[in-house]
Each structure stands twice: as structure tokens, then as C-alpha cells.
Amino acid sequence: MHHPFTPVASVPVDPRKARVHEEGWQSWSPSGAYALGATPPPSSRLRSSRGRPHRPTNANWATVCYRPGVTAPAGTFQGEGLLALDPGDGSPVRLWAAVEPTREVPSIRLVCGDGRVAEISADGPVKEWTGPDIQSVLGDWATGLGLDAPRPAPTVWCSWYEYFTAVTEDDIHENLRAMDTLDLPVDVVQIDDGYQRALGDWLTLSGRFRSRAGIAEKIRSRGRRAGIWTAPFLVDPASDLAAAHPDWLVRDTTGGFAHAGRNWGHDLRVLDTTHPDAAAYLTEVFTTLRAEGYDYFKTDFLYAGALDGVRHADTDALTAYRVPWTAYATRTPTPSRPTAPASP
């Protein structure tokens with residue numbers, strides 16, 4: 001649920017030198033710093049122009065790549081959970097960000113109607129940081145989160161970029177042999193979309209694969225790690241899961257199914273991770289894959305888990321989004337490693 005925007009600050013600016021940093025909603029959302037005069041034009045058809053922030057060109061992109069339900073008005077900068085302003089007049093850079101980002105992520109807006117004073121507003125509580133420039137204040141903010149530094153990334157071969165959804169088990173074996181022949185320093189061989197029958201039916205193989213466990217064993221026997229792709233919050237309406245368990249799916253306020261965007265030729269649905277049986281199924285998926293020898297998980301399209309909707313439990317979308325990650329952390333043995341495309 002989104003709240004009304006309320007004023008946060010009024011900041012005098014030099015319109016010739018001021019810059020604004022917008023933070024995107026998820027990893028597919030654009031983030032960047034822009035000149036104050038580069039606000040998006042009043043045309044929903046224009047995705048971007050040189051030096052201007054990107055905006056969605058249609059409702060589907062608004063769902064898949066941006067924060068649904070909080071589209072920035074024309075002439076407005078908008079950061080999701082974070083926005084920074086360099087006034088350009090020599091005064092300190094100011095950054096506003098969520099007070100408790102694990103609980104609430106407000107949208108933060110900036111408009112500068114008269115060109116001399118920037119008006120900042122937010123639809124939730126924010127805290128302010130200051131610093132000498134945008135990069136340093138972003139660094140101070142990040143340090144304040146107290147998070148561990150990312151682990152070094154392995155070298156990964158991923159089937160998607162050559163085979164897309166048409167990948168076969170024989171393709172994986174062929175590339176394994178090529179890696180050995182060419183002595184390639186590949187740490188992880190990751191099977192992407194195409195091994196499963198449908199989105200949601202993660203443990204049911206497509207006709208192009210014979211054995212998940214068998215191919216994981218083959219990868220590991222060559223001294224490499226086995227990786228696999230899922231989109232854990234997405235459900236294809238043509239899947240067995242959707243047919244057998246419609247009560248596991250998030251609904252909209254009219255009683256229909258919540259819409260996670262259109263892809264693969266289908267209007268996608270959202271798994272309700274607050275439903276105990278759905279959560280148990282997702283845990284079964286990852287524990288099964290881990291037991292089969294996969295310890296690198298590409299978990300994709302994660303924005304879907306944070307979409308608003310009516311769930312089994314009376315909770316907000318961000319809380320629901322975190323539920324399966326808690327289970328993953330506590331039930332999946334180390335050294336399993338998830339990656340998180342399209343993650344808020």
C-alpha cells in the first residue's frame with residue numbers, strides 16, 4: 001500500500017550545476033545522476049533521451065522493470081528508497097533514504113518548478129545524510145547499513161546467452177567437453193531457463209533433459225560447480241502448479257490473479273510465499289536441487305515477490321518478499337550461493 005507524499009525539504013539550488021541521483025527500484029531499474037534540467041518530458045511514449053532519466057514506455061515495462069503503482073509524474077525525479085541532490089552552489093550534497101529499509105522503502109521525489117528551489121517529498125519516513133559529493137555520501141550511506149562486503153564472484157558459464165529456452169542436456173555436455181578441451185577457467189556451469197517444464201514446475205523436467213542430478217554429477221566430476229536457474233516467485237498459468245493450487249497464488253483486490261507482467265507469451269502470476277503450503281513447496285524445490293548437487297542458484301525475476309496483492313497472510317508485499325529468503329538462509333546448506341536478477 002502506498003501512502004500520500006508529504007514534504008521533506010526545500011533546498012536552494014544553482015540550476016546550471018545542480019545534479020540529482022535517482023535510485024531504481026530493482027536491479028533492472030535504471031539508476032544514475034542527472035542534471036537538474038534533465039527531468040523526463042511529459043510524454044509516456046519517450047523512454048529516454050540523452051542525459052535524461054529512463055521511464056517505462058508501457059504498463060508491462062512499468063511492472064517488470066520499475067516500481068508498479070508509483071510512476072513518477074512528468075518533470076519529477078524519483079528515487080526508490082534513496083535520492084540525492086548536489087545543489088551545485090557549493091553547499092553540501094544531501095541524501096534522503098529509508099529509515100528502516102528492511103521494513104519500508106519509500107519513494108522519494110524532487111521537483112524544481114521555479115528552477116531555484118528543489119522541493120523534496122516522500123511517501124514514507126526518510127533519514128538525511130550530507131557529504132561533499134554524491135559518490136562520497138552514497139558511500140557513507142552504504143557503510144551505515146553495516147553489511148558484509150560481497151564475496152568474490154566466480155567465473156560462470158551460463159546456457160542462456162547461447163541457447164535461451166531451447167537448451168538441451170546434450171548442449172550442456174557438449175560445452176563441458178569444450179571447456180575441458182580448451183582448458184577454460186570456468187568455476188560454475190549454470191543451466192538456465194529451459195530445463196523445466198514450466199515456470200513454477202521447477203522439479204518437472206522438460207523433454208530436452210533427462211536427469212538434473214545426473215548432469216550436476218557430471219559437472220562436478222570435472223571439478224566445476226553446478227548452477228541452476230529459477231524464477232521462484234513467477235508462475236506460468238499453464239503450469240501444473242497453477243492448475244493444482246490456485247490458492248497458492250497472489251490475488252488482486254477484485255479477486256483475480258495478481259499480474260506479474262507478460263513474458264514467454266503469458267500473463268504471469270505470483271506465488272504467495274505467505275501460504276504455508278506454497279512456502280513448503282519452495283523450500284522443497286531448493287533443498288531438492290541442493291541435494292542433487294547444485295550449489296549456485298540464479299534466482300531471477302524477483303520483483304514479482306514484492307508486488308502488491310491479496311495474500312494468504314495479512315501482510316505487506318515487502319514482508320512477504322523476505323519470507324522465502326529467511327527459509328533459504330536457514331535451510332539451505334553452505335556453500336550455496338544465490339544470485340538475484342531483478343531483485344528489489
Side-chain angles (χ1 to χ4, degrees), residues 5-40 48-55 65-67 70 72-73 75-153 302-303 306 318 322 339-344:
F5 282 80
T6 58
V8 171
S10 297
V11 183
V13 296
D14 180 341
R16 300 167 302 169
K17 299 179 180 180
R19 294 185 67 80
V20 181
H21 173 89
E22 289 186 335
E23 189 72 15
W25 170 235
Q26 43 126 313
S27 60
W28 291 347
S29 307
S31 297
Y34 310 94
L36 185 65
T39 51
S48 71
S49 60
R50 185 178 298 276
R52 293 182 184 271
H54 290 249
R55 293 293 183 263
C65 294
Y66 294 78
R67 190 175 196 172
V70 202
T76 303
F77 291 100
Q78 181 168 303
E80 304 302 344
L82 184 151
L83 183 140
L85 169 65
D86 181 346
D89 60 1
S91 60
V93 169
R94 300 172 70 173
L95 178 149
W96 299 270
V99 175
E100 294 185 75
T102 60
R103 298 179 59 86
E104 184 176 4
V105 181
S107 296
I108 307 165
R109 289 177 175 170
L110 182 151
V111 295
C112 193
D114 65 358
R116 295 289 177 181
V117 177
E119 302 290 347
I120 293 86
S121 60
D123 65 358
V126 297
K127 181 180 177 181
E128 183 174 337
W129 283 255
T130 60
D133 56 65
I134 288 178
Q135 289 303 313
S136 64
V137 76
L138 284 171
D140 291 343
W141 167 80
T143 299
L145 295 175
L147 301 177
D148 294 335
R151 289 178 288 173
L302 298 182
Y303 70 86
L318 288 180
R322 288 192 296 271
T339 63
S343 174

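We're numbering straight along the sequence, starting at 1. Model, not experiment: these values are computed from the prediction.
- Taking every heavy atom of both residues into account, Ser29 and Cys65 meet most closely at OG-O, 2.6 Å.
- Distance check, rounded to the nearest 0.5 Å: CH2 of Trp141 to CH2 of Trp129 gives 8.0 Å.
- Under the 30°/60° scheme for interplanar angles, the aromatic rings of Phe77 and Tyr34 are found to lie parallel.
- Taking OH from Tyr303 and OG from Ser27, the interatomic distance works out to 11.5 Å, rounded to the nearest 0.5 Å.
- At a threshold of 4.5 Å between non-hydrogen side-chain atoms, the residues Pro125 and Glu104 count as touching.
- For the pair Glu100 (side chain) and Thr102 (backbone), a donor-acceptor distance under 3.5 Å is absent.
- A cation-pi arrangement, defined by a distance under 6.0 Å to the six-membered ring centre and an angle within 45 degrees of its axis, is present between Arg109 and Phe5.
- Between Glu119 and Ser121, every side-chain heavy-atom pair lies at or beyond the 4.5 Å cut-off.
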Show every donor-acceptor pair shorter than 3.5 Å between a side-chain atom in residues 79-95 and any protein atom, with sequence neighbours excluded, or say none if there are none.
from  : atom 1 : to     : atom 2 : distance (Å)
Glu80 : OE1    : Arg67  : NH1    : 3.0
Glu80 : OE1    : Ser107 : OG     : 2.5
Glu80 : OE2    : Gln78  : NE2    : 2.7
Asp86 : OD1    : Gly88  : N      : 3.0
Asp89 : OD1    : Ser91  : N      : 3.0
Asp89 : OD1    : Ser91  : OG     : 2.5
Arg94 : NE     : Glu128 : OE2    : 2.6
Arg94 : NH2    : Glu128 : OE1    : 3.3
Arg94 : NH2    : Glu128 : OE2    : 3.2

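- When all heavy atoms of Ala38 and Pro53 are compared, the closest pair comes out as O-CD, 2.8 Å.
- Residues Tyr66 and His54 approach most closely at OH-CB, 3.5 Å, considering heavy atoms.
- The closest side-chain heavy-atom distance from Leu36 to Leu110 is below 4.5 Å.
- Residues Val111 and Gly75 approach most closely at CG1-O, 4.0 Å, considering heavy atoms.
- Of all heavy-atom pairs between Ala18 and Val13, the closest is CB-CB, 4.1 Å.
- Between the side chains of Asp133 and Ser136, a donor-acceptor pair is found at a separation under 3.5 Å.
- For the atom pair OG (Ser31) and NE2 (His21), the distance works out to 5.5 Å, reported to the nearest 0.5 Å.
- At least one donor-acceptor pair under 3.5 Å links the side chain of Asp114 to the backbone N or O of Val117.
- Here the closest non-hydrogen pair linking Leu145 and Pro101 is CD2-CG, 4.2 Å.
- Not one N or O on the side chain of Thr76 forms a donor-acceptor pair closer than 3.5 Å with the backbone of Ala72.
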